[in-house]
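Structure, as structure tokens:
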Amino acid sequence: MRIRTAAPIALAAATALAGSLLATAAPATAAAHKGGLHFGAIQYDGPGKDDRTNKSLNAEWVNIHNNSKQKVQLKGYKVKDNTGFTYTFGSYTIGAGKTVKLRTGKGKNVSGTVHWNRGSYVWNNTGDKARLIKPNGKLQASCSWGKSTPKNKGLKNCH
């Protein structure tokens with residue numbers, strides 16, 4: 001008789017313990033989504049050969065994500081790398097919860113995508129750091145990475 005009553009209690013205790021272990025383990029492995037204006041992802045080593053064609057240059061990009069509940073005017077915001085290459089946003093409004101992709105090469109700016117209009121690469125495949133600078137000169141966000149490898153494919157998730 002003890003076995004019958006002990007088994008459901010032991011099962012309930014094991015289930016509760018497993019549930020509490022899973023609840024505490026999840027936050028440690030899941031990266032929290034950053035709030036406000038920040039870098040989402042950076043393709044610092046575009047797929048294919050680095051041949052300086054516009055297609056190859058535009059395969060290098062950074063995403064800037066607005067994780068706030070209000071639209072943000074990006075005029076005067078700057079994106080910089082470690083060597084000082086700088087892109088300054090003109091008038092561009094990013095909606096609440098939206099992302100804008102800044103491509104390195106040339107192209108027409110459309111909703112969700114702007115172009116740096118460069119003829120050479122910005123982001124180093126061996127490691128670099130992107131900085132998002134407010135118009136007042138203060139750092140809004142940054143994202144660093146190491147060497148491009150077959151595993152990371154030259155893509156950095158900055159969330």
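Both backbone and side-chain heavy atoms feed into the values below; hydrogens, waters and symmetry mates do not. Throughout, numbering of the chain's residues begins at 1 and tracks the sequence.
- Ring planes of Trp145 and Tyr44: parallel class, angle under 30° (limits at 30 and 60°).
- You'll find the side chain of Cys158 reaches within 4.5 Å of the side chain of Ile42, heavy atoms only.
- Residues Gln73 and Ser91 meet the side-chain proximity criterion, which asks for heavy atoms closer than 4.5 Å.
- Side-chain atoms of Cys143 and Lys156, non-hydrogen and from C-beta on, do get closer than 4.5 Å to each other.
- Ring geometry, Phe89 versus Tyr92: the interplanar angle falls from 30° to 60°, so the pair is classed tilted.
- Using a 4.5 Å heavy-atom threshold, the side chains of Lys106 and His115 count as separate.
- With a 6.0 Å radius and a threshold of 12 heavy atoms from other residues, nucleotides or ligands, Lys101 has its NZ atom above the threshold.
- Take Arg118 and apply the side chain to side chain donor-acceptor pair (under 3.5 Å) test, not counting sequence neighbours, and it matches Ser120.
- Side-chain contact between Lys78 and Leu132: absent, with no pair of heavy atoms (C-beta onward) separated by less than 4.5 Å.
- Residues passing the ring-ring contact (aromatic ring centres under 6.0 Å, His included) test with Trp61: none are found, sequence neighbours excluded.
- Arg131 has its side chain within reach of Lys129: a pair of non-hydrogen atoms, C-beta onward, lies under 4.5 Å apart.
- Hydrophobic clustering, defined by side-chain heavy atoms of Ile, Leu, Val, Met, Phe, Trp and Tyr closer than 4.5 Å, groups Leu57 together with Tyr121.
- Applying the side-chain contact (heavy atoms from CB on, under 4.5 Å) test to Thr99 and every residue at least two apart in sequence or in another chain returns Asn63, His65.
- Tyr77 meets the ring-ring contact (aromatic ring centres under 6.0 Å, His included) test with no other residue; sequence neighbours excluded.
- Taking 4.5 Å as the limit, some side-chain heavy atom of Ile64 sits within range of a side-chain heavy atom of Val79.
- Between Leu37 and Ile94 the shortest side-chain heavy-atom distance falls below 4.5 Å.
- Partners of Thr83 under the side-chain contact (heavy atoms from CB on, under 4.5 Å) rule, at least two apart in sequence or in another chain, are Asp81, Phe85.
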Assess whether side-chain contact (heavy atoms from CB on, under 4.5 Å) is satisfied between Leu74 and Thr93, documenting all intermediate values.
CA-CA 6 Å; Leu74 294 179; Thr93 301; over 6 Å; no
